[in-house]
*Asks:* 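Here it is: the structure, laid out below.
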Amino acid sequence: MSHPQFAAELLQRAEKQGPITIGLAGAGQMGTDIVVQVALMPGMRIGAISEVRPQAAIDAALLAGHDRSDIVQAPNAAAIDRAIEAGKIAVTEDLHALAAAGRIDVIIDATGNPNIGTLFALEVMKNGKHIVMLNVEADITIGRFLKEEARKAGVVYTGAAGDEPACTLEIIGFAKSLGFNIVAAGKGKNNPLKFDAVAADYEKEAAERNMNARMLVEFVDGSKTAIEMVAIANATGLVPDVPGMHGPTATLEELASVLCPREDGGVLRRKGVVDYSIGKGVAPGVFCIIETRHPRVLERMIDLKVGKGPYFTIFRPYHLTSLEVPLSAARAVVYKRADMEPLDHPVAEAVAVAKTDLGAGQSLGMIGENDYRGFAMTWEDARAKGALPLGLAERAKVVRPVKAGDFLTYENCVPDDSMVITQIRRRLDQSDGRFVTNAA
């Protein structure tokens, strides 16, 4: 959470050292938001944008109010640095040039591809720069490896403010610092939940919302919720209570009496879980269910109309997605601190479940397409099932038929070994003593 003085600190820093200079990878929906927002923020600027469609980066900078004469094409790192020194925004098609440019303080990855994001993050860190990952898919698959690489390089690896996981962590941190017990934490689900959603059915709605249909379906089919809740789990030690989580239709008023232990009238088998609600009034917010038994604290919380007790909902009614992301970049530079990073050992896994019958020999598409969806469970459960991590499903080969609703496993699927994310994940699993079949 930003200190009230943070804006003043950014201005002071800019007077002494110049503004914090951000490099941005990707100028899609999120990237464009970031370019526009940074132009409004004190003590910060976009130095360079890497984008395979340079016009998208130029359009984003124009939308943010920059003059066309201040947006220059830069084929390499030296050209990016010259542009930044001249107070201009560099547009490049080369991610390597962005990672190597010396005038950039911190880089935001908004590419949205787990494998490219992983390769890019490693290169950024090797070049001594902090990295803000919007790429939650990469983080839940190999985040602890990326965190360790950042530590070795003396830089910050962080999840992005504004996304539900970091926003939830903010209120979990607040509650923990007050000494409250954390019973459950999570988010309200924004889109209707339809497990078998496929991209072809969402082209029209996606176009109206200026989104890609695959990205929209990743939200609708529950994949993104699983990914986000696993990210929270692996940053805090909270776990999915049951495979797939409960996902009750609890409203904001009902949350604390539903996401609490069974013996107190709720649905939980244990305390300390991640979950989500599809009830009215929760989305687009994030929540943390806390517990207090001290009579004085109970009296005060009830008196302050927080709830009935002994369980209370601490709630943040919004998350500003990409608009908040630059704050993580600023905090990485100013405080050398991550807003969100995984624990050394994961406690949860997002795995892949078939959306349709899959045949042997089939090569799988991307998250949000037609083949599979994300599903959250504990790390131990996933391991016992030999379940395939969601971040490794793209381009995996089906070697045995899989029925709709069944898990993709290392027995029925072989992940694509040409992808660096697959190679890193295998090394992590081997160091955990998890020997994976079919992965030779």
Side-chain angles (χ1 to χ4, degrees), residues 136-137 139-140 159-160 162-172 175 182-197 215-262 266-290 307 311-321 340 346-353 367-368 373-379 381-382 390:
V136 195
E137 291 80 356
D139 182 74
I140 61 163
D163 219 1
E164 281 112 330
C167 293
T168 310
L169 250 62
E170 217 173 76
I171 56 175
I172 291 171
I182 310 296
V183 177
K187 68 174 229 177
K189 186 166 173 354
N190 298 304
N191 296 281
L193 186 59
K194 190 171 187 297
F195 288 135
D196 59 355
M215 296 283 287
L216 177 56
V217 170
E218 191 178 336
F219 287 95
V220 177
D221 73 7
S223 296
K224 200 71 172 179
T225 298
I227 290 163
E228 289 169 343
M229 296 305 100
V230 167
I232 294 168
N234 288 338
T236 59
L238 303 172
V239 292
D241 185 38
V242 293
M245 302 177 290
H246 295 283
T249 52
T251 62
L252 181 57
E253 287 68 35
E254 294 163 344
L255 267 183
S257 55
V258 174
L259 287 176
C260 69
R262 285 176 182 174
V267 297
L268 301 183
R269 300 186 310 186
R270 57 181 141 188
K271 296 173 186 177
V273 307
V274 286
D275 220 305
Y276 66 98
S277 172
I278 52 174
K280 281 204 169 18
V282 188
V286 295
F287 63 83
C288 177
I289 310 295
I290 59 162
Y311 303 107
F312 298 93
T313 303
I314 304 288
F315 185 63
R316 187 191 201 245
Y318 60 89
H319 68 287
L320 303 186
T321 62
M340 177 170 171
V347 297
E349 183 89 87
V351 302
V353 170
I367 301 171
R373 64 182 173 89
F375 184 87
M377 60 204 312
T378 66
W379 175 258
D381 278 356
L390 183 63

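The structure presented is a predicted model; accordingly, all values stated were derived computationally and were not measured.
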*Asks:* Do Val183 and Leu259 have side chains that approach each other closer than 4.5 Å (heavy atoms only, starting at C-beta)?
*Replies:*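 Contact flag for Val183/Leu259 side chains = no.
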*Asks:* Looking at Ala250, is its backbone amide N or carbonyl O close enough to the side chain of Ser277 to form a donor-acceptor pair, meaning the two atoms are under 3.5 Å apart?
*Replies:*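 Yes: the side chain of Ser277 pairs with the backbone of Ala250.
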*Asks:* At their closest point, which heavy atom of Ile367 faces which heavy atom of Ser223, and how far apart are they?
*Replies:*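 That would be CG2-CB, 3.9 Å.
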*Asks:* Judged by modelled atom types alone, do His246 and Asp241 share a side-chain donor-acceptor pair under 3.5 Å?
*Replies:*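 Distance-only check passes for His246 and Asp241.
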*Asks:* Looking only at heavy atoms, what is the nearest atom pair of Ala376 and Val230, with distance?
*Replies:*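 Heavy atoms of Ala376 and Val230 come nearest at CB-CG2, 3.7 Å.
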*Asks:* Under 3.5 Å, side chain of Thr236 to main-chain N/O of Leu238, donor-acceptor pair present?
*Replies:*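 Pair found, side chain donor or acceptor close to backbone of Leu238.
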*Asks:* Which distance, rounded to the nearest 0.5 Å, do you find between the CD of Glu228 and the CG of Asp139?
*Replies:*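 Glu228 atom CD to Asp139 atom CG measures 11.5 Å (nearest 0.5 Å).
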*Asks:* Are Thr168 and Glu170 side-chain neighbours, meaning at least one heavy-atom pair lies under 4.5 Å?
*Replies:*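 With C-beta onward as the side chain, the pair stays apart.
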*Asks:* Just checking, Arg316 and Phe287: is the charged tip under 6.0 Å from the six-membered ring centre and within 45° of the axis?
*Replies:*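 No.
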*Asks:* A quick test of your reading: do over 12 heavy atoms of other residues, nucleotides or ligands sit less than 6.0 Å from NZ of Lys280?
*Replies:*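 Atom NZ in Lys280 is not crowded, with 12 or fewer foreign heavy atoms closer than 6.0 Å.
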*Asks:* Any chance you could measure Asp163, atom CG, to Leu320, atom CG, to the nearest 0.5 Å?
*Replies:*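 Those atoms lie 11.5 Å apart.
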*Asks:* Can you see which heavy atom on Ala233 is nearest to which on Val347, and at what distance?
*Replies:*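 For Ala233 versus Val347, the nearest heavy atoms are O-CG2, 3.4 Å.
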*Asks:* How would you list, by chain and number, every residue that makes a salt bridge (charged side-chain N to carboxylate O under 4.0 Å, His left out) with Asp221, sequence neighbours excluded?
*Replies:*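 If we apply the salt bridge (charged side-chain N to carboxylate O under 4.0 Å, His left out) test to Asp221, skipping adjacent residues, the hits are Lys355.
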*Asks:* On a heavy-atom basis, which atom in Cys288 and which in Ile182 lie closest, and how many Å separate them?
*Replies:*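 Looking at all heavy atoms of both residues, the closest pair is SG-CD1, 3.7 Å.
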*Asks:* What heavy-atom pair brings Pro240 and Met245 nearest, and what distance separates the two atoms?
*Replies:*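 Nearest heavy atoms, Pro240 then Met245: CB-CG, 4.0 Å.
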*Asks:* I'd like to know if the side chain of His319 reaches the main chain of Pro284, judged simply by a donor and an acceptor atom lying under 3.5 Å from each other, with no hydrogens or angles considered.
*Replies:*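 Pair found, side chain donor or acceptor close to backbone of Pro284.
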*Asks:* Under a 4.0 Å N-O cut-off, is there an ion pair linking Lys224 with Glu137?
*Replies:*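 Salt bridge present between Lys224 and Glu137.
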*Asks:* Closest approach of Trp379 and Glu349, non-hydrogen atoms and distance?
*Replies:*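 It is CZ3-OE1, 3.3 Å.
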*Asks:* Could you check Val286, Val274, Asp275 and say which one makes a side-chain contact (heavy atoms from CB on, under 4.5 Å) with Ile232?
*Replies:*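 Filter result, single survivor: Val274.
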*Asks:* Less than 6.0 angstrom from the centroid, inside 45 degrees of the normal: does Lys187 satisfy that with respect to the ring of Tyr276?
*Replies:*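 Ring-cation test returns no.
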*Asks:* How far does CD1 of Ile289 sit from OG1 of Thr313, to the nearest 0.5 angstrom?
*Replies:*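 Here the rounded value is 3.5 Å.
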